[in-house]
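Heavy-atom basis, side chains included; hydrogens, waters and symmetry copies ignored.
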Amino acid sequence: MGSLTSHRRGRRTNGHRSAGELLTTFGAAPAPAAAPAPGEHGGEPDGRINRPLAPRRGHGDPGRGWAPVEAAARVPVYQAATSEIGGVFPLLAANGVPAVGARMGYDTLSGGAFYCHPIEWLLRGIATNPNIVIFGEPGRGKSSTVVAFVLRMMLFGIKTLISGDVKGEYTPLLRALGITPIALGRGSPARLNALDLGPLASKWDGWSVSRQREELSGVLGRWTKLLAALAETQGYSPTVTDELVLATVLRRLVGAGDGYTRLRPVTIPDVARELADPDEALWRDARFAGRREFLDHTRLITDALHNLIVGPLAGLFDEPTNFTLDFDAPIQSMDLSLLRSRGDQAIAVALTCLGSWSSMITDLQDDGDIRIVVRDEVWRQMRLGLRAVHAVDSDLRLSRAERKIQLLVMHKPSDLLSVGAVGSQEVSIAKDLLALCSTRILLGQSTRVADELATELALTEREQEVAGGWAMERRGRALWKIENNPGYKVQTVLSGTEMRIFDTNAQLRAHPGPA
């Protein structure tokens with residue numbers, strides 16, 4: 001950066017024009033300079049046009065900007081060209097994100113507003129996929145950051161589906177928007193059929209035979225994987241033959257064998273009854289030599305599905321769906337907070353059912369809308385087994401084709417390591433999920449967890465200090481990493497209304513302590 005040279009005289013010298021002449025050239029009349037008092041600057045006035053009108057430390061009167069010490073004498077001042085400043089402050093070298101999407105807050109390094117729109121980042125080549133993963137210790141602002149993002153993206157016509165609100169943190173937002181969340185669990189009359197046909201039944205008659213066959217094959221395949229994953233939660237790992245039997249049973253129950261003329265609703269108890277009491281056509285279609293052989297081979301998977309019907313989730317996912325999901329609403333949520341008393345496994349099974357159901361429901365929507373799918377505490381679902389991990393992996397890989405922004409909410413990277421044994425296939429796939437999320441939001445973390453993040457996400461030393469130090473000093477601070485670009489130090493800003501809606505400590509304040 002060049003330096004500004006002050007001329008000793010107001011007249012033209014060596015062919016240079018004075019400041020007054022420059023102002024006249026650009027259409028502004030030069031303002032007469034006020035002559036400083038003699039001796040104010042340590043000498044008599046010499047007639048300079050750009051002479052400072054105050055001492056270097058300002059006027060000594062209140063409100064006049066006076067400083068007791070000279071700033072330059074106490075704080076080092078760096079001067080460098082813009083092409084070199086990145087070597088002094090590496091985080092400042094990052095290119096700014098486009099000013100489109102949800103305005104999340106401000107970049108504390110540049111002072112400018114920070115916007116987030118994963119689809120625009122994808123289209124502009126900043127990211128390779130629209131998925132987001134957010135890490136943060138409890139109380140650091142994970143929920144408020146997520147809710148602020150989905151709320152502000154509504155301005156761009158992007159809708160949101162909360163695929164399993166484990167703690168009920170998103171319910172206040174829905175109620176503030178006049179939407180009643182769908183609660184599942186103790187005391188709630190809502191029931192969700194894990195094998196619900198959804199939009200498939202309403203759109204069926206309007207499709208051609210080839211379209212019917214294509215869509216039904218996709219739905220049956222998803223149902224087969226879901227039932228196999230649910231059986232795995234009961235301690236039984238289904239075989240290839242088991243999956244073939246399940247697919248055969250589902251095709252028979254849904255009515256796919258009668259020429260695709262109509263579809264019949266299917267529930268998990270229907271499948272369990274078919275397996276427990278097969279007719280001759282079923283065991284022949286499944287290529288068994290006889291009924292006894294069929295029963296012996298399918299006994300374990302039949303018992304596993306039966307446990308779901310009589311276990312802690314009895315009545316929640318094995319009855320016909322008794323509510324209608326309003327896809328015109330800007331946000332919908334499945335509140336699972338009432339299930340916490342039934343244990344972690346019950347919540348994990350519910351997340352698995354909801355994940356499969358919500359994926360099918362959104363896949364069959366032909367409105368062309370982009371949707372945000374929030375997967376809260378997704379590590380609970382992946383702990384159920386290899387098939388549950390594969391289901392999450394598939395959803396992330398298909399997000400671009402299905403026009404979805406998958407948003408995973410976690411506490412720390414080690415959550416992914418707890419989905420299976422050390423060195424297992426589950427852990428290997430789970431760790432690779434981070435590569436399927438181009439945007440990583442790292443809120444405040446302890447030093448140990450910050451070290452894990454640095455290892456898993458290849459953070460620089462300065463970025464690691466941001467996640468483990470600067471972000472811990474205030475709620476809502478986070479390091480935003482987009483692919484391998486330098487990180488942004490972002491402070492999320494909430495309005496007064498948002499602070500009241502997003503207050504996750506409201507229940508604690510509602511119960512004052514003893515006098």
Side-chain angles (χ1 to χ4, degrees), residues 90-91 93-105 107 113-136 142 145-146 148-150 152-153 156 158 160-161 163 355 359 362 369-376 378-379 382 389 391-413 415-416 428-443 445 450 452-460 462-464 466-467 471 478-490 492:
L91 286 175
N95 296 322
V97 296
V100 61
R103 184 172 179 175
M104 299 302 300
D107 184 347
F114 185 85
Y115 298 81
C116 178
H117 198 313
I119 300 298
E120 284 294 325
W121 292 351
L122 174 64
L123 296 176
R124 302 187 186 203
I126 301 176
T128 57
N129 63 71
N131 302 323
I132 302 174
V133 61
I134 179 170
F135 292 102
K142 287 194 309 296
T145 300
V146 173
F149 171 66
V150 301
R152 297 168 189 182
M153 289 298 282
F156 302 89
I158 296 182
T160 300
L161 176 63
S163 182
S359 295
T362 53
D369 288 343
I370 296 172
R371 282 187 172 82
I372 301 171
V373 180
V374 178
R375 315 287 289 270
D376 195 7
V378 69
W379 51 271
M382 293 191 294
V389 176
V392 177
D393 179 75
S394 177
D395 289 339
L396 293 179
R397 293 182 184 276
L398 295 175
S399 58
R400 293 179 60 175
E402 297 175 350
R403 304 184 303 277
K404 296 177 187 175
I405 301 172
Q406 297 281 348
L407 200 160
L408 311 184
V409 183
M410 302 186 190
H411 292 298
K412 53 189 182 300
D415 292 341
L416 299 174
S428 178
I429 296 176
K431 291 176 64 176
D432 289 341
L433 294 181
L434 295 180
L436 300 176
C437 299
S438 289
T439 303
R440 296 86 178 259
I441 307 174
L442 314 180
L443 287 102
Q445 296 283 6
E452 294 179 13
L453 288 170
T455 302
E456 297 296 333
L457 303 179
L459 301 182
T460 66
R462 186 176 296 273
E463 291 171 340
Q464 183 178 354
V466 169
L479 175 72
W480 286 62
K481 285 281 291 183
I482 308 173
E483 293 288 351
N484 295 321
N485 298 322
Y488 299 89
K489 293 172 62 177
V490 178
T492 300

Can you check whether [X] reaches [Y] side chain to side chain, under 4.5 Å on heavy atoms?
X	Y	value
Leu436	Gln406	no
Pro130	Arg400	yes
Phe149	Ile441	no
Ile372	Ile158	yes
Arg371	Glu402	no

Take His411 and Lys142 through the side-chain contact (heavy atoms from CB on, under 4.5 Å) test and state the conclusion after the steps. CA-CA 9 Å; His411 292 298; Lys142 287 194 309 296; 3.5 Å; yes
Should Val133 and Leu433 be marked as a side-chain contact (heavy atoms from CB on, under 4.5 Å) after you check the CA-CA gap, both sets of side-chain angles, and the distance that decides it? CA-CA 9 Å; Val133 61; Leu433 294 181; over 6 Å; no
Which of parallel (below 30°), tilted (30 to 60°) and perpendicular (above 60°) describes His117 and Phe156? perpendicular
Mind listing the closest non-hydrogen atom pair of [X] and [Y] along with its distance?
X	Y	result
Met153	Cys116	SD-O, 3.6 Å
Cys437	Leu408	SG-CD1, 4.1 Å
Ala430	Val389	N-CG1, 4.2 Å
Val97	Tyr115	CG2-O, 3.6 Å
Trp480	Met104	CH2-CG, 4.1 Å
Leu479	Leu459	CD2-CD2, 4.4 Å

Run Val409 and Val374 through side-chain contact (heavy atoms from CB on, under 4.5 Å) and show every step you take. CA-CA 8 Å; Val409 183; Val374 178; 4.3 Å; yes
For the side chain of Ser438 and the backbone of Thr128, is there at least one donor-acceptor N/O pair under 3.5 Å apart? yes
